[in-house]
Undergrad: 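Here it is, the structure in full.
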Amino acid sequence: MAHLVDSFGRVARDLRISLTDKCNLRCTYCMPSSGLDWLPTEETLTDEEVVRLMRIAVQRFGIRKLRFTGGEPLMRKGLEEIVKAASSLRTEEGLPPDLALTTNGLGLDKRLQRLIDAGLNRVNVSLDTMDPVGYAKLTRRDRLDDVMRSIRAVDEAGLRPLKINSVIMRETNEDAVLPLADFCLSNGYQLRFIEQMPLGPKHTWDRRQMVTQQEILDTLGTRYKLSPEGDPDMSAPATLWDIEPDDTQPGGQIGIIASVTDPFCATCDRTRITSDGQIRSCLFSLEETDLRSIMRKGGTDEELMEAWLFEQHRKPLAHGINEQGFEQPDRTMSEIGG
C-alpha cells in the first residue's frame, strides 16, 4: 500500500471531501449576501466519481478518516448513498473508515436516521451564537430554531462526540462565548472555537476583527477553571481544555482551533478533494491537481494515484498566514470545503 507522504514526512490519514460548493446560509465571514457563482452541475463530481476517489484513498493510500463537507453537504441529494459506499470500505486495519459530517444543521434532523443507517459516525454542527437576532444577522437567515432542532436530534440519536463549531468575531458575536460554553457543557457537547481565517471573499478579512485563542481563554477563565488536556492528539486541529465541574455544569472539554495564532501545520495529516475534483494538500494552497479530468478522460486508478501523490508531495510546510507576502487563495471556504 502506498501512503500520501509530503516532502516533510507528514502522512495524510484524514480526507476532507467537499460534496458541493452551494450553501443555504450566507454567513458574513464566508460569502457575500448574494451568494457566489455556484459550479455548474456538470463540473461537480458525480456520486460514482466521489466513491471511486474514496476507494482509492482508503484502500490504496491508507486513509482512515473521511469527513464530508461543503458548502453545505446536506444540499447533496446523494449524500446517504455516498456515506453508505464509504462505510463499506475497509482500511488497512480491516475497519470501516471513521465517517463524519460538517454541517450548518439545516434539515439535518429530517435526514439524520438515514445517514446513521448508512454508517455515519459523527457530526459537527456550526453555531456561532445562541441569540436568534444575532444568528439571523450573522447568517442572513432566520434559522436558529432549525439548527437547534437538528442538534437535539443528533443528541437523542446518541452520536458522540457531538461537536459544535463556532467562529468568534470582534464586535459581532464576542458576547456568545460564555452562552455557547454554558449550553455545550450542560448538554455534554464539545464546543470548538475557531479563529476566523482569511477564506471569505477577497480583501474582506481584517485581522483586527479576529478574536484570538488567548482572548477566548481569558473570557472562559472568568467563568470556569480550565486546564490543558493531559494527553493531546498532536495531529488534531483543536487544542482541548478540560473544564472542571461546578454548581452550574458537569464539566467537560472545550477546544480551540487557533489556525492563525497557533497553527497546527507541523502535524497536519489532511488531504482535500474539492467538489469539482481538485486535490488540495492545504486549505490555503494556491495550486491544485485536477483528478476530475483524469477520470473523465478514462484514466486508470494508477494515474489518479500518481497525480494525487504529486499534489500531496508539494504540500507546504505551513499556510503562511503570519508571513509577509501571504496570498489568500482565490477560492473561498465554501468553494474549497471546510
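It should be emphasised that the depicted structure is a prediction, and the values quoted were computed from it without experimental measurement. These numbers come from the heavy atoms of this one structure, side chains and all, not from hydrogens, waters or symmetry mates.
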Undergrad: Yes or no on side-chain contact (heavy atoms from CB on, under 4.5 Å) for Ile168 and Glu215, after CA distance, side-chain angles and deciding distance?
TA: CA-CA 10 Å; Ile168 302 298; Glu215 290 174 290; over 6 Å; no
Undergrad: Does the side chain of Leu226 come within less than 4.5 Å of Gln253's, by heavy atoms?
TA: no
Undergrad: Would you say Val125 and Tyr135 are hydrophobically clustered, going by side-chain heavy atoms of ILVMFWY under 4.5 Å?
TA: yes
Undergrad: Supply the atom-to-atom distance Leu191 CG to Leu240 CG, rounded to the nearest 0.5 angstrom.
TA: 11.0 Å
Undergrad: Without swapping roles, check the side chain of Glu81 against the backbone of Gly78 for a donor-acceptor pair under 3.5 Å.
TA: no
Undergrad: Are the side chain of Arg270 and the backbone of Ser281 linked by a donor-acceptor contact shorter than 3.5 Å?
TA: no
Undergrad: With a 4.5 Å cut-off on side-chain heavy atoms, are Leu39 and Ser275 touching?
TA: yes
Undergrad: Looking only at non-hydrogen atoms, find the nearest pair between Leu106 and Asp146 and report the distance.
TA: CD2-CB, 3.9 Å
Undergrad: Is the shortest heavy-atom distance from the side chain of Arg64 to the side chain of Asp14 under 4.5 Å?
TA: no
Undergrad: Please test Thr139 against Arg26 for side-chain contact (heavy atoms from CB on, under 4.5 Å), starting from the C-alpha separation and ending with a verdict.
TA: CA-CA 5 Å; Thr139 66; Arg26 298 290 183 269; over 6 Å; no
Undergrad: Quick one: do the Thr91 and Glu93 side chains pair a donor with an acceptor below 3.5 Å?
TA: yes
Undergrad: Would Glu80 and Lys84 pass as an ion pair if we require N to O under 4.0 Å?
TA: no
Undergrad: So, Asp98 and Lys65, do they make that salt bridge, N to O below 4.0 Å?
TA: no
Undergrad: Using the salt bridge (Lys or Arg N to Asp or Glu O under 4.0 Å) rule, take Asp301 and Arg55 through it: C-alpha gap first, then chi angles, then the decisive distance, then the call.
TA: CA-CA 10 Å; Asp301 284 2; Arg55 176 179 54 77; 3.0 Å; yes
Undergrad: Ignoring hydrogens and geometry, is there a side-chain-to-backbone donor-acceptor pair from Arg10 to Cys265 under 3.5 Å?
TA: yes
Undergrad: Rounded to the nearest 0.5 Å, how far does CD of Glu174 lie from OG1 of Thr129?
TA: 12.0 Å
Undergrad: Under 3.5 Å, is there a donor on one side chain and an acceptor on the other for Thr261 and Gln213?
TA: no
Undergrad: Tell me if a side-chain donor or acceptor on Asn187 pairs with a main-chain N or O of Tyr189 at a distance below 3.5 Å.
TA: no
Undergrad: Hydrophobic clustering (ILVMFWY, side-chain heavy atoms < 4.5 Å, transitive) - are Ile336 and Ile17 grouped together?
TA: no
Undergrad: So does Glu306 have more than 12 non-hydrogen atoms from other groups sitting under 6.0 Å from CD?
TA: no
Undergrad: With rounding to the nearest 0.5 Å, note down the distance linking OG in Ser87 to CG in Leu115.
TA: 11.0 Å
Undergrad: Can you confirm whether the side chains of Thr20 and Trp38 place a donor and an acceptor under 3.5 Å from each other?
TA: no
Undergrad: With a 4.5 Å heavy-atom cut-off, do Thr69 and Leu19 have their side chains touching?
TA: no
Undergrad: For Arg292 and Glu43, indicate whether the former's side chain and the latter's backbone hold a donor-acceptor pair under 3.5 Å.
TA: yes
Undergrad: For residues Leu89 and Met305: do they belong to one hydrophobic cluster (side chain heavy atoms under 4.5 Å, members Ile, Leu, Val, Met, Phe, Trp, Tyr)?
TA: yes
Undergrad: Determine the minimum heavy-atom distance between Gly188 and Arg160, stating which atoms define it.
TA: O-NE, 4.1 Å
Undergrad: Which distance, rounded to the nearest 0.5 Å, do you find between the CZ of Phe183 and the CD1 of Ile164?
TA: 6.0 Å
Undergrad: Could you tell me whether the side chain of Ile254 reaches within less than 4.5 Å of the side chain of Asp242, counting heavy atoms only?
TA: no
Undergrad: Could you tell me if the side chain of Met169 sits less than 4.5 Å from the side chain of Val167, heavy atoms only?
TA: yes
Undergrad: Is there a path of hydrophobic side-chain contacts, each under 4.5 Å between heavy atoms of I, L, V, M, F, W or Y residues, that connects Phe264 with Leu4?
TA: no
Undergrad: Going by atom types only, do Gln278 and Asp290 share a side-chain donor-acceptor pair under 3.5 Å?
TA: yes
Undergrad: Surrounding CG of Asp142 (heavy atoms of other residues, nucleotides or ligands, distance under 6.0 Å), is the total greater than 12?
TA: no
Undergrad: Can you name the closest pair of heavy atoms from Ala307 and Leu291 and give their distance?
TA: CB-CD2, 3.7 Å
Undergrad: Please report the closest heavy-atom contact between Phe68 and Met54, naming both atoms and the distance.
TA: CE2-SD, 3.8 Å
Undergrad: Check whether the side chains of Tyr29 and Asp128 place a donor and an acceptor atom closer than 3.5 Å, and report yes or no.
TA: yes
Undergrad: Between Glu72 and Leu25, is any pair of side-chain heavy atoms under 4.5 Å apart?
TA: no
Undergrad: Is a donor on one side and an acceptor on the other found under 3.5 Å between the side chain of Asn173 and the backbone of Ala176?
TA: no
Undergrad: For Ile56, is there any backbone N or O sitting under 3.5 Å from a side-chain donor or acceptor partner on Gln59?
TA: no
Undergrad: Mind checking whether Glu288 and Arg331 have side chains closer than 4.5 Å, heavy atoms only?
TA: yes
Undergrad: Any link between Ile279 and Leu45 through a network of hydrophobic side chains (Ile, Leu, Val, Met, Phe, Trp, Tyr) touching at under 4.5 Å?
TA: yes
Undergrad: Taking atom CD of Glu302 as the centre, does the number of heavy atoms from other residues, nucleotides or ligands within less than 6.0 Å exceed 12?
TA: yes
Undergrad: Please check this pair: side chain of Arg16 against backbone of Arg67, looking for a donor-acceptor N/O pair closer than 3.5 Å.
TA: no
Undergrad: Atom CZ of Arg60 and atom CG of Leu309: how far apart are they, to the nearest 0.5 Å?
TA: 10.5 Å
Undergrad: Could you tell me which non-hydrogen atom of Ser186 sits nearest to which non-hydrogen atom of Asp182, and how far apart they are?
TA: OG-O, 2.7 Å
Undergrad: Under the side-chain contact (heavy atoms from CB on, under 4.5 Å) criterion, do Thr274 and Asp21 qualify, and how do the steps go?
TA: CA-CA 8 Å; Thr274 65; Asp21 62 329; over 6 Å; no
Undergrad: Testing the basics here: between Asn165 and Ile194, what is the closest heavy-atom pair and its distance to 0.1 Å?
TA: CB-CD1, 3.9 Å
Undergrad: With distance as the sole test, does Arg13 use its side chain to make a donor-acceptor pair with the main-chain N or O of Ile63 at under 3.5 Å?
TA: no
Undergrad: Donor-acceptor check, side chain of Ser150 to backbone of Gly105, threshold 3.5 angstrom: yes or no?
TA: yes
Undergrad: With side-chain hydrogen bond (donor to acceptor under 3.5 Å, both in side chains) as the test, would you mind laying out the steps for Thr271 and Gln312 before giving the verdict?
TA: CA-CA 7 Å; Thr271 186; Gln312 199 67 20; 2.8 Å; yes
Undergrad: Are Thr300 and Ile294 close enough, and set up right, to give a side-chain contact (heavy atoms from CB on, under 4.5 Å), and what steps lead you there?
TA: CA-CA 8 Å; Thr300 64; Ile294 296 174; over 6 Å; no
Undergrad: Rounded at 0.5 Å granularity, tell me how far SG in Cys184 sits from CZ in Arg192.
TA: 11.5 Å
Undergrad: With a cut-off of 6.0 Å (strictly less than), are more than 12 heavy atoms of other residues, nucleotides or ligands near NZ of Lys137?
TA: no
